[in-house]
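If you're wondering where the values come from, they're calculated on a predicted model, not measured in any experiment. As the structure lists them, so they are numbered: ligands from 1, and atoms in each ligand from 1. Sequence positions, counted from 1, serve as the residue numbers for this chain. Hydrogens, waters and symmetry mates play no part in the numbers below; they use all other heavy atoms, side chains included.
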Amino acid sequence: MEKKCDQSLSGSKALLKEEIKRLKEEKGAVILAHYYVDGEIQDLADYVGDSLALAQKAAAWCGDARVIVMCGVNFMGETVKILCPDKKVLVPDMAAGCSLADSCPADEFAQFIAANPGYTVVSYVNTSIGVKALTDILVTSGNAKKIIESLPEDEKIIFGPDKNLGNYINSVTGRKMLLWDGACHVHERFSLPKVLELKKQYPSARVLVHPECKRPLTLVADCVGSTAALLDYAIKSDADTFIVATESGILHEMMKNCPDKTFIPAPPDDATTCGCNECNYMKLNTLEKLRDCLRDELPEITVDPELARKAMRPIDRMLELS
Ligand code: 13P
Ligand code: SF4
């Protein structure tokens, strides 16, 4: 009886996936997906990547598509819309925000900038369009070090909104950037004692850490990097076990590329959470919502044209310097 039930569930899922593929063709759509969304959505996407690669793809590659569906969070959809103003940009769920972007309201960031005149403003891509419009150069976790190092050593820099990424970049470049006090709720909760405990259990495991994590965790890492950099490290490494301190969606691509290696998600501090380090915003992307959004061509990302014009400059500078 149970088996029959399982079969009908997987059968309806297979139909759903077929429907998504058909609608994608019919609508002339491409699907972009971040590494943090569910594996099944990643497998249906035309392109899966980190924030930097998704922006680069949108800028360079979506030429023929009429519709772009961004399976990720809203700031990613906004970035795609800014880069591709003539395309219809859809997201499966408009409620997919980002705690890091929310930790930096544009009006408060404007006051911070005004209180510190003479600074170059560098912002992480995890920001609203309003914050991007106040920014001189945008960065992602994949290019932040390179871009900061390309600036003169004595340049005074404001860095927002992620204090953990900012601290990490300060520590590896020797800069003294002035940091906005923002953070990501997923990356801040990884537990250093629990990672050290796992290291004792698996002494040869390599520790992979996203730079949005707190500083002590980065100090025990074998690799600190963007989602794409952590994936690349896991693929190229001769180690067979990895403790992964970033959102658990990345494990799908890691296991797909390295079926013989073992990936252990780093545990969070708080045992009352799900214990799986999922980004609740990324997980709002579901197969059903992806199907509905292709079918109805909604919800659509729209941006204020004047803000988009201003936000384009720091994005362009990032793409030039990457
Ligand atoms: P990446 O730039 O590594 O893709 O990370 C994006 C993000 O939202 C991390 O939380
Ligand atoms: Fe934002 Fe954190 Fe989710 Fe990344 S993991 S999208 S930074 S809330």
Contact with ligand 1 for E247, non-hydrogen, under 4.0 angstrom:
no
Has Y36 got any heavy atom lying under 4.0 angstrom from an atom of ligand 1?
yes
Sub-4.0 Å heavy-atom approach of M282 to ligand 1
no
What protein heavy atom sits nearest atom 9 (C) of ligand 1, and how far off is it?
E212 OE2, 2.9 Å
Any atoms of ligand 1 less than 4.0 Å from a non-hydrogen atom of S226? List them with their elements.
3 (O)
Below 4.0 angstrom from a heavy atom of H34, which ligand 1 atoms are there? Numbered from 1 as shown, please.
1 (P), 4 (O), 5 (O), 6 (C)
N126: numbered ligand 1 atoms lying under 4.0 Å from its heavy atoms
7 (C), 8 (O)
Checking only N/O/S atoms, does H185 have one that is under 2.8 Å from atom 3 (Fe) of ligand 2?
no
Numbering as shown, the atoms of ligand 1 that approach S141 to under 4.0 Å (heavy-atom distance)
1 (P), 2 (O), 3 (O)
Compute whether any side-chain donor of one residue and acceptor of the other, for N277 and S248, lie under 3.5 angstrom apart.
no
Among L52, T227, L54, V139, which one puts a heavy atom closest to atom 3 (O) of ligand 1?
T227
Do the side chain of K261 and the main chain of S237 share a donor and acceptor less than 3.5 angstrom apart?
yes
